[in-house]
Amino acid sequence: MKIIDTSTMIEDDFDKFTLHQIYNGLDACVTYEVLDALLPQLDNYTAGTYEFSRALQGPALEMRLRGVRIDNRRRQEVIEEYYESLSALEAQLEYIVSEGCGLWNFNWRSNSDLKELFYVRLGIPPIRKQGRITVDRSALEKMEAYTVAKPIVRHLEAMRDIGKKIQVLKTAIDSDCRIRTSYNIGGTSTGRFSSSFSEFGTGTNLQNIEESLRSVFISDPGMKMAYLDAQQGESRVVGAIEWNLFRDGRYLDACEGGDLHTAVAKLCWPELDWPGDLAGDREVAERIYYRHYDRRFMCKKIGHGSNYGGKPRTLAAQAKVDIDVISDFQPKYFLAFPAHLRWHADVQQRLNRTGHLVSLTGRKRWFLGRRSDDSTLREAIAYDPQGSLADILNGGMLNVWRSTVGCQLLMQIHDAILIQYPEEQEDKIIPKVLKQLEQPLALKHDRELVIPYDAKVGWNWGKYDSSENVDGLKTWKGGDTRQRTKEMHLLDRPVRRAYRRG
DNA sequence: AAATTTAGCGCG
DNA sequence: AAAGCGCGCTAAATTT
């Protein structure tokens, strides 16, 4: 054994391999020295958080290693279809812009080209966002009101939608037809995971995949998937915080009593025909409202946004409703749940006095922004529910991972996990998984927080659809009689589309 | 030519 | 002038 003093060594004295070993050694040893300096600084809260983070390395590394199987044939097909639609739209738009507006060498992805087109050539008054001129989606939507802009805008909206999907679909996957991500356990200020490309440079963030692309993620042969998501998780945590602080359980009661987002929808659109029962109301709330989103989805935004200090104008813009809808809604909402405003005031006070907060699950965070800034207060308000739910979800995930229920973790998506298991054992495994996830958290004044999980099962990550996606996720009720669609040999498949000429 | 910043957009 | 929070990725634009 040879000891190398890196403070005096001369690089030229060593071969490349040895230099790599030295580099690795420094990586490990210096990190260890840092740990020596950090450990004495831990307090009761941060020591717990550190231990928890270390424990999460197990499931996180396993998910990173395993990856998720991709239906590559379907992926390629979809990419091709999207590319075809995109190039057709591109050609049409190029024609409109060159012949109609006299703009050559126009690039629809270039925001400066778009600003030139709309705000100079077409003479539309510039639309601003935080003081800056913008051509984002909401600006495009506003410009639909101008007859000259409308066909262009319609093209751009469709092209951006498709372009975004292509971007995700063409992400490089590994040679074993699996997509892998790298979870970063300490990657956020709240305690959530972050997700990004894998250590091999393949894959991507898997926590922002849109619903329409999820069906290309499939389970392994003989395995079936379950998507388990915490029902109204963040809202329940808000309710739990308010219970602990003020012994005011009205919001938690509301979460536990019914569907909160539907209740918000009823407050926002009282003029709609609400049947009055849980299932009927939910059906009304789930009718498509804007793009592919339903009212219930919009109300999630309105509810969360209001909880976290959102103002009518912003929330109205986000939920695509008239500002009056929110201005009418919020007073009713804060009257029904007065603890919300008390909680905000309490956060403000703690922030001013101490500069840090400890969440419901005992996670401590310092706030380094100016304490007098509104944005610092809003960060602080959002912190506890967001961080606590992450801890609760991850705690449940850790239970599942440590247990012997016989499933494999595939993904963590903030308030949900995706797992797979031998399909014939579904009805044995799902209840056990739910039990591991739904462990109660003790609150003050003799109450518990239990977050129920919704389980959906299938052979791919997309939503079940009787015509489009029969293998997709369907709410688990026990006894799913479906059989997985057989994979068809390439040559046996019907030809879907003729080659385009040209 | 390479590195960094900006704008836009997807998810929870 | 604007006022939910938390992320990561891409193409274009800008700086080095």
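Rounded to whole Å, atom P of C:dC7 lies 16 Å from atom CD1 of A:I185. Taking atom OH of A:Y82 as the reference point, atom C1' of B:dG10 lies 13 Å away to the nearest angstrom. B:dG8 atom C1' lies 11 Å from atom CZ of A:R137, rounded to whole Å.
Between A:K170 and C:dA11 there is a side-chain polar atom (N or O) within less than 4.0 angstrom of OP1 or OP2. Phosphate contact (OP1/OP2 of C:dA3, side-chain N/O of A:S375, threshold under 4.0 Å): absent. Applying the 4.0 Å criterion to OP1 and OP2 of C:dG8, one finds that A:S195 has every side-chain N and O outside that range. The side chain of A:R132 places an N or O atom within less than 4.0 Å of a non-bridging phosphate oxygen (OP1 or OP2) of B:dA7. Taking only side-chain nitrogens and oxygens, A:T134 comes nearer than 4.0 Å to OP1 or OP2 of B:dG8. Checking the phosphate oxygens (OP1, OP2) of B:dC11, a side-chain nitrogen or oxygen of A:Y293 falls inside 4.0 Å.
Taking a pair as Watson-Crick or G-U with both hydrogen-bonding distances under 3.5 Å, the stems of three or more pairs touching DNA chain C are B:1-12 with C:5-16.
Taking a 4.0 Å limit (strictly below) on heavy-atom distances, residues 204-217 of chain A reaches DNA chain C at A:T204, A:N205, A:N208. Of the residues in residues 103-111 of chain A, those placing a heavy atom less than 4.0 Å from an atom of DNA chain C are A:N107, A:R109, A:S110, in numerical order.
Residues A:Y289 and A:Y293 keep their aromatic ring centres 6.0 Å or farther apart.
Below 30°, between 30° and 60°, or above 60°: for A:W366 and A:H356 the angle between ring planes is between 30° and 60°, a tilted geometry.
Checked by distance alone, A:Q386 brings a side-chain donor or acceptor within 3.5 Å of a matching partner on the base of C:dC5. With hydrogens and angles left out, the side chain of A:Q318 and the base of C:dG4 share a donor-acceptor pair within 3.5 Å.
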